[in-house]
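Only one structure is covered here, and it is reproduced in the block below.
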Amino acid sequence: MAKYLVIVESPAKVKTIKKFLGSNYEVVASNGHVRDLPKSSMGIDFDNDYEPKYITIRGKGEKLAQLRRYVKNADKVYLATDPDREGEAISWHLLFALKLDPKKTARISFNEITKPAVKEALKHPRDIDMGLVDAQQARRVLDRMVGYSISPLLWMKIKRGLSAGRVQSVALRMLCDREEEINAFIPKEYWDMEAVLKYKNKEFPVAFYGNKKGKVEITGKQQLDRIINEIKDSSFQVDHVKKGSRTRKAPVPFTTSTMQQEASKALNFSTQKTMRVAQQLYEGVEIKGRGSIGLITYLRTDSIRVSETAEAQLKDYIEETYGESYYSGETAGKKTGKKIQDAHEAIRPTDVSLTPEKVKDQLPRDLFRLYQLIWKRFVASRMGVAVYETTTINISAGQYLFHASTSKLEFDGFMKVYTEADSEKVVTNHTLAKLEKGEQLTLVEFKENQHFTQPPAHFTEAALVKAMEEQGIGRPSTYAPTITTIIGRRYVTREKKNLYVTALGEAVNSIMKTAFSVIVDTGFTANMESLLDAVEEGSIQWKTVIRNFYPDLEESVKEAEQKLEKIHIADEESDEICEECGRRMVIKYGPHGKFLACPGFPECKNTKPYLEKIGVACPKCGKEIVLRMTKKGRRYFGCEGNPECDFMSWQKPSTEKCPQCGGYMVEKGNKLACADPACGYVREIKQKEKAK
């Protein structure tokens with residue numbers, strides 16, 4: 001009998017796939033990549049048209065020797081790595097590393113690890129897709145060029161051990177730009193007002209809208225008081241009642257990006273955790289009566305396509321479980337300007353009949369929660385719209401108008417199964433629904449609330465992934481590693497769900513913006529992704545992309561080495577004397593920012609926090625304001641008398657007092673603003689002041 005060898009990437013897949021195939025098949029894992037560029041050098045032959053210098057990855061020699069023994073005994077070798085660029089490249093590297101005979105070797109790929117999918121893939125073997133391989137090679141070489149050219153510059157200008165990356169530097173830039181927006185934001189006062197009205201002993205609130213000319217914004221207490229005085233003696237009457245309906249469409253099935261976003265909002269998973277858990281669900285889980293089976297389809301995709309087989313199975317499931325009225329068969333597809341990798345499907349359960357209830361007792365908690373989210377989203381995607389009966393009411397009081405609306409769910413549609421974590425909650429007010437035109441209403445009281453406009457929100461991981469996807473930066477496989485890298489490098493810290501840039505991240509971004517503005521430009525990076533897509537399609541040669549990119553990078557690096565002023569962060573002498581040995585302490589830079597250390601290390605290991613004075617007196621106690629860092633490296637301004645004095649500010653305080661209220665002022669971009677938003681005083685910072 002013939003002997004067949006199937007090589008996969010992950011050992012976790014071996015057990016799952018092996019049970020689908022007969023005794024003539026041997027299934028082994030390569031444990032990921034076996035060849036890569038060397039870590040010790042750039043690994044690119046510039047004299048030979050940028051040819052990559054691939055070597056066997058350290059520690060993989062024994063694995064390759066084991067694979068060669070299996071190959072020797074096989075009549076046919078099937079390379080069954082993941083169905084994407086990275087997986088295609090691994091198969092290509094295996095072809096070379098194992099010196100496989102192309103006539104006895106075939107590439108197979110499957111979108112889900114189930115028996116039908118694997119068997120079907122074996123019926124349709126193919127050659128390695130060099131478009132996919134070349135797109136991966138281009139990305140790898142570009143990233144290596146950026147990382148190995150710019151990182152040494154960061155070591156020289158800031159500190160050793162830092163790194164720059166083509167996509168990570170753009171993500172950091174996006175975070176820094178948002179931080180600048182937030183810091184420069186000047187809040188504006190506004191008020192909202194409700195009238196609590198009574199109808200047949202039932203009270204309900206209606207919101208102030210404006211007058212008969214249109215909407216009126218209330219920007220201060222005096223304006224609010226004037227409006228209330230004009231209204232309070234008026235009669236309240238229903239002017240207009242509009243009955244109608246509205247619908248909410250079912251969501252599309254998950255892509256990598258939307259799965260990461262929803263898992264963050266609904267399950268509080270980081271992007272890294274989401275991908276790790278999804279990988280386990282894809283590779284195979286033990287299910288009673290079925291053995292090891294892949295529960296979801298491939299997890300790195302930007303397609304919302306669903307196979308005909310899965311569509312048919314889902315249609316039967318919805319109609320049998322919920323009734324024919326719940327099946328829609330349509331999905332609200334989203335159009336984007338970028339190429340969709342439609343060889344993949346959306347992320348969905350491999351078998352919709354394996355409901356979350358059936359597998360709950362057999363899955364660890366995190367796997368169950370993510371599987372349930374994916375299952376519900378997929379089922380909901382082919383269910384009908386949710387239908388609401390709506391009532392909108394206009395109420396007049398003199399020359400002013402109030403609005404109120406209420407909704408009642410008539411048909412739950414897809415919401416019977418799934419609602420998104422941040423979907424708007426609908427509140428039904430039965431009294432409002434009964435009102436008719438001409439009804440007279442009684443005023444009970446006014447409710448007024450002061451508000452201030454809020455700055456843009458800090459990015460969460462979910463919001464950053466969404467922004468990267470919208471701007472075409474990175475691809476499904478890169479979102480999680482990019483965010484993990486900038487957090488791991490301590491350029492960014494995560495507090496609760498929000499991402500904050502550290503002082504170290506600000507320093508790195510400053511150099512990247514100054515010396516490598518093109519690389520951290522979102523448009524340039526998005527265009528590069530489009531070029532990589534073109535390489536995959538075969539319309540551009542991958543080395544053409546490299547030839548056009550590297551000379552400009554090389555020139556920028558040389559110019560930066562000569563012109564950039566060194567950012568002096570480490571080893572500056574301070575005025576502090578070491579209490580233990582009498583030496584003058586020096587300023588060093590650690591993971592959490594600056595600190596004081598004795599230069600006598602290792603004999604003297606004394607360290608203490610570095611409190612950088614900014615020349616401003618504390619508004620509370622009069623001591624010096626100093627620059628401090630949170631435990632995670634986020635910068636803020638606090639009193640040197642802490643903990644006795646608890647003053648702190650995220651914005652830099654000014655020596656100037658507010659001329660309106662006498663309070664302290666803070667710097668917000670190119671403006672000085674009173675720290676009390678209720679005061680609202682703001683003025684431009686003049687050029688002379690900036691020079692100081």
Side-chain angles (χ1 to χ4, degrees), residues 5-10 13 17 27-37 51-52 54 56-57 60 63-64 67 71 76-113 117-118 120-144 256 275 279 282-283 294 297-303 305 339-345 347 474-478 481 528-543 545-546:
L5 177 65
V6 178
I7 303 178
V8 296
E9 283 177 50
S10 164
K13 296 179 191 173
I17 293 173
V27 184
V28 292
S30 70
N31 293 5
H33 276 279
V34 293
R35 294 200 312 167
D36 197 8
L37 301 174
E51 191 65 25
Y54 293 117
T56 300
I57 295 171
K60 284 296 179 82
K63 170 55 71 174
L64 283 172
L67 291 173
V71 169
K76 182 99 176 179
V77 177
Y78 293 100
L79 300 171
T81 49
D82 283 347
D84 58 12
R85 291 175 186 170
E86 206 71 27
E88 206 73 18
I90 291 173
S91 284
W92 181 70
H93 284 300
L94 284 167
L95 190 72
F96 280 88
L98 299 175
K99 298 177 181 173
L100 299 173
D101 181 353
K103 293 177 184 175
K104 294 169 57 179
T105 305
R107 170 81 166 112
I108 60 169
S109 60
F110 31 82
N111 195 52
E112 58 187 69
I113 303 178
V118 174
E120 189 64 22
L122 285 166
K123 290 177 188 174
H124 301 97
R126 59 174 175 82
D127 293 332
I128 287 173
D129 185 334
M130 287 309 298
L132 288 167
V133 172
D134 288 345
Q136 191 275 341
Q137 285 199 97
R139 178 186 287 281
R140 188 76 187 95
V141 170
L142 284 169
D143 290 347
R144 174 56 65 97
T256 302
M275 296 306 281
Q279 186 77 29
Y282 165 68
E283 289 181 344
T297 52
Y298 193 53
L299 60 150
R300 294 179 183 88
T301 177
D302 52 10
S303 171
R305 186 179 65 81
K339 174 183 176 286
I340 299 294
Q341 296 171 1
D342 213 48
H344 299 160
E345 287 187 59
I347 301 170
R475 282 296 179 262
S477 60
T478 63
M528 189 61 74
E529 294 294 350
S530 298
L531 288 174
L532 293 175
D533 289 341
V535 170
E536 181 179 324
E537 292 164 351
S539 56
I540 295 179
Q541 293 293 315
W542 76 271
K543 284 191 178 177
V545 177
I546 306 299

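Any value given below was found using the heavy atoms of this structure, including those in side chains, with hydrogens, waters and symmetry copies removed.
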Candidate list Ile7, Leu79, Asp129, test side-chain contact (heavy atoms from CB on, under 4.5 Å), partner Ser91, passing option: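 Looking at Ile7, Leu79, Asp129, the match for Ser91 under the side-chain contact (heavy atoms from CB on, under 4.5 Å) is Leu79.
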* Nearest non-hydrogen partners of Ala80 and Val6, listed with the distance ->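 Closest approach of Ala80 to Val6, heavy atoms only: CB-CG1, 3.8 Å.
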For the residue pair Leu531 and Met528, establish whether any side-chain heavy-atom pair is separated by less than 4.5 Å.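 In short, these two side chains touch, coming nearer than 4.5 Å.
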What I'd like to find out is whether the side chain of Trp542 reaches to under 4.5 Å of the side chain of Val133, using heavy atoms alone.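 No, every pair of side-chain atoms sits at 4.5 Å or beyond.
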As an exercise, state the distance from [atom1] of [X] to [atom2] of [Y], rounded to the nearest 0.5 Å.
X      : Y      : atom1 : atom2 : result
Arg140 : Leu142 : CZ    : CG    : 11.0 Å
Asp127 : Trp92  : CG    : CH2   : 15.0 Å
Glu345 : Asn111 : CD    : CG    : 5.0 Å
Gln137 : Leu532 : CD    : CG    : 12.0 Å
Gln136 : Glu86  : CD    : CD    : 4.5 Å
Ile128 : Leu95  : CD1   : CG    : 4.5 Å

Do any N or O atoms from the side chain of [X] and from the backbone of [Y] form a donor-acceptor pair under 3.5 angstrom?
X      : Y      : value
Lys60  : Asn31  : yes
Glu536 : Ala135 : no
Thr81  : Val8   : no

message = Tell me every residue that passes ring-ring contact (aromatic ring centres under 6.0 Å, His included) with Tyr54, counting only those two or more places apart in sequence or in another chain.
response =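 Scan of Tyr54 (ring-ring contact (aromatic ring centres under 6.0 Å, His included), adjacent residues dropped) gives His93.
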Across all chains, not counting sequence neighbours, the ring-ring contact (aromatic ring centres under 6.0 Å, His included) partners of Tyr298 are Tyr282, His344
Taking the basic N atoms (NZ, or NE/NH1/NH2) and the acidic carboxylate oxygens, is any pair closer than 4.0 Å for [X] and [Y]?
X      : Y      : result
Arg85  : Asp533 : yes
Glu51  : Lys543 : yes
Asp82  : Lys13  : yes
Arg139 : Glu529 : yes

Worked check of side-chain contact (heavy atoms from CB on, under 4.5 Å) between Phe96 and Arg35: CA-CA 9 Å; Phe96 280 88; Arg35 294 200 312 167; 3.8 Å; yes
Passes side-chain contact (heavy atoms from CB on, under 4.5 Å), Asp84 versus Leu132? Steps please. CA-CA 7 Å; Asp84 58 12; Leu132 288 167; over 6 Å; no
- Query: Can you tell me if Glu9 and Ser30 form a side-chain donor-acceptor pair at under 3.5 Å?
  - Reply: no
Legend entry - Side-chain H-bond candidate by donor/acceptor type, Thr256 with Thr301, under 3.5 Å: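 Judged by distance alone, the side chains do not pair up.
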Could you check whether atom CD of Gln279 has more than 12 heavy atoms from other residues, nucleotides or ligands sitting under 6.0 Å from it?
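Above 12, so yes.
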Those residues at least two apart in sequence (or on a different chain) that pass side chain to side chain contact (heavy atoms under 4.5 Å, CB included) with Ser109 are Pro83, Arg107, Arg126
Between Leu299 and Met275, is a side-chain contact (heavy atoms from CB on, under 4.5 Å) present by the stated rule, with each step listed? CA-CA 8 Å; Leu299 60 150; Met275 296 306 281; 3.6 Å; yes
Can you check side-chain contact (heavy atoms from CB on, under 4.5 Å) on Leu98 and Val34, steps first, answer last? CA-CA 10 Å; Leu98 299 175; Val34 293; over 6 Å; no
